[in-house]
**Q** 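After the structure tokens below, expect a handful of questions from me.
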Amino acid sequence: MGRVLVTGGAGFLGSHLCERLIEDGHEVVAMDNRVSGRTENLEEVFYHDRFSFYEHDVTEFIHVSGDLDWVLHLASLASPVFYSDHQIKTLKVGALGTHKTLGLAREKDAKYLFTSTSEVYGDPEVNPQPEDYRGNVDPYGPRSCYDESKRYGEAMVRAYRDEHDIDVRVARIFNTYGPRMRLDDGRVIPTFIKQALAGEDLTVHGDGEQTRSFCYVSDLIDGLVALMESNTDTPVNIGNPDERTILDLAETILDLTDSESGITHEKRPPDDPEIRRPDLTKARAELGWEPGVSLEDGLERTIPYFKKQT
Ligand code: UDP
């Protein structure tokens with residue numbers, strides 16, 4: 001058991017991770033600037049005696065008093081809709097925020113987690129994507145603020161590992177969903193569930209033949225904890241390999257919500273990746289982890305949360 005800082009602690013993944021770490025007996029310090037995170041997400045743990053919350057922007061110098069055993073840097077604007085509206089902030093949190101949190105980890109002699117992304121692979125030319133695939137990213141493209149900030153973040157983590165001997169972990173997180181995603185998140189699962197519950201048409205971009213592989217949040221959190229407990233200081237894919245077309249996802253959500261909604265096709269956003277699926281060979285071998293929740297089960301657990309929000 002130790003004392004752990006979680007940046008982005010009021011966000012979708014951050015809040016689930018804070019709960020898990022409290023359950024595991026750790027003392028948790030959550031930090032969030034509440035741009036996309038919300039303190040309501042932390043209501044289960046907010047008044048716990050091993051929990052504290054700091055409102056702070058990680059792109060500014062970070063001071064945390066006392067010891068820290070782990071620094072887990074989850075702060076990020078992860079939705080394409082959000083990061084397109086906040087490109088500079090997105091670049092700063094991946095670059096300056098990663099630098100500041102690494103500096104803190106060095107000061108505290110703490111183990112460090114960087115939450116990177118499948119977007120480092122861009123619009124991939126190989127499927128599934130193994131960690132040694134170098135990606136296909138347009139550095140000046142519409143998604144580059146996110147992709148490049150995470151690629152830069154990985155390079156900074158590598159540099160701190162090599163020059164300052166920090167014990168680092170890098171998770172490349174693939175599409176994840178579950179309760180506590182925002183209704184206005186803009187990503188496909190909250191959008192489709194919201195539309196299905198409201199009886200509105202589901203807005204499939206393009207013909208819907210593009211694919212994603214969706215991981216339920218509890219599996220993702222288990223993967224992050226397994227990574228922290230492993231000895232792997234190089235990037236590891238964390239996600240679910242069940243690859244689906246967006247059209248299949250839309251039909252599945254219509255079915256599970258018993259919705260009368262139809263489907264309309266809208267223009268595909270530029271640079272939207274065509275395929276995405278994690279190669280989990282490394283995660284299975286080095287973390288002894290793989291996801292267990294099917295898309296249908298995960299959606300069944302997520303839909304009631306969105307019903308309560310609407
Ligand atoms: N998408 C869609 N309709 C929507 C929102 C998203 O068809 O209302 C598509 C989007 O174009 C992409 C996929 O769903 O092909 C996943 O998009 P999301 O924004 O969830 O995440 P991404 O994997 O692109 O970061």
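Numbers here are sequence positions counted from 1. Read the numbers this way: they start at 1 and go in the same order the structure lists the ligands and their atoms.
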**Q** Which of the atoms of ligand 1 are close to V204, meaning less than 4.0 Å from one of its heavy atoms?
**A** 7 (O)

**Q** Which atoms of ligand 1 have any heavy atom of Q210 under 4.0 Å away?
**A**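 Numbered from 1, ligand 1 contributes 11 (O), 15 (O).
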
**Q** State plainly whether the residues R106 and E163 are in salt-bridge range, i.e. N to O under 4.0 Å.
**A** no

**Q** Looking only at heavy atoms, is any part of T203 under 4.0 Å from ligand 1, and if so is it the side chain, the backbone, or both, or is it neither?
**A** both

**Q** Any non-hydrogen side-chain atom of F214 less than 4.5 Å from a side-chain atom of N240?
**A**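 No, too far: nothing below the 4.5 Å cut-off.
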
**Q** So which protein heavy atom does atom 20 (O) of ligand 1 come closest to, and at what separation?
**A**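 Among all protein heavy atoms, the one nearest atom 20 (O) of ligand 1 is V188 N, 2.7 Å.
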
**Q** Would the number of heavy atoms belonging to other residues, nucleotides or ligands and lying under 6.0 Å from NZ of K92 be above 12?
**A** no

**Q** Should the proximity of P273 to ligand 1, defined as any heavy atom under 4.0 Å, be assigned to the side chain, the backbone, both, or neither?
**A**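 Looking at P273 and ligand 1, no heavy atom falls under 4.0 Å.
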
**Q** Is any NZ, NE, NH1 or NH2 atom of the basic residue among D279 and R277 found under 4.0 Å from an Asp or Glu carboxylate oxygen of the other?
**A**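 No, D279 and R277 are not salt-bridged.
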
**Q** In this structure, would I253 and M181 fall into the same cluster of hydrophobic residues linked by side-chain contacts under 4.5 Å?
**A**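 Linked within one cluster.
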
**Q** Taking atom CD as the centre, does E260 end up with more than 12 heavy-atom neighbours from other residues, nucleotides or ligands that are less than 6.0 angstrom away?
**A**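 No - once you tally the heavy atoms of other residues, nucleotides and ligands closer than 6.0 Å, there are 12 at most.
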
**Q** Is D147 paired with R151 through a side-chain N to carboxylate O contact shorter than 4.0 Å?
**A** no

**Q** For the 3.5 Å polar cut-off, considering only N or O atoms, please tell me whether R276 and ligand 1 meet it.
**A** yes

**Q** Is I189 in polar range of ligand 1, meaning some N or O pair under 3.5 Å apart?
**A**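 For ligand 1, there is no N or O atom that lies under 3.5 Å from one belonging to I189.
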
**Q** Can you sort out which atoms of ligand 1 are near D272, meaning under 4.0 Å from one of its heavy atoms?
**A** 10 (C), 11 (O), 12 (C), 15 (O), 24 (O)

**Q** Going by the order shown, which atoms of ligand 1 are within less than 4.0 Å of some heavy atom of R143?
**A**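 This gives 22 (P), 24 (O), 25 (O) as the contact atoms.
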
**Q** Output yes when the distance from some N or O of ligand 1 to some N or O of H205 is under 3.5 Å, and no in every other case.
**A**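 Indeed, backbone or side chain, H205 has an N or O that close.
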
**Q** Consider every N or O of Y83 and every N or O of ligand 1, then say whether any pair is closer than 3.5 Å.
**A**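 Checking ligand 1 against Y83, no N or O pair falls under 3.5 Å apart.
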
**Q** I'd like to check which ligand 1 atoms, numbered from 1 as shown, lie under 4.0 Å from a non-hydrogen atom of N175.
**A** 21 (O), 22 (P), 23 (O)

**Q** Any idea which atoms of ligand 1 are less than 4.0 Å away from a heavy-atom of E119?
**A** 25 (O)

**Q** Please could you name the atoms of ligand 1 that R187 approaches to less than 4.0 Å, counting only its heavy atoms?
**A**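 Matching atoms, with element in brackets: 18 (P), 19 (O), 20 (O).
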
**Q** Decide if atom CG of D49 counts as having more than 12 heavy atoms of other residues, nucleotides or ligands within a radius under 6.0 Å.
**A**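 Count over threshold, so yes.
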
**Q** Looking at G178 and F306, what are the two nearest heavy atoms and their distance?
**A**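 Distance-wise, the nearest heavy atoms are O-CE1, 4.4 Å.
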
**Q** Salt bridge or not for E243 and R212, using N-O below 4.0 Å?
**A** no

**Q** Under 4.0 Å from a heavy atom of I246: give me the atoms of ligand 1 that qualify, with their elements.
**A**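 Here the atoms of ligand 1 in question are 7 (O), 13 (C), 14 (O).
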
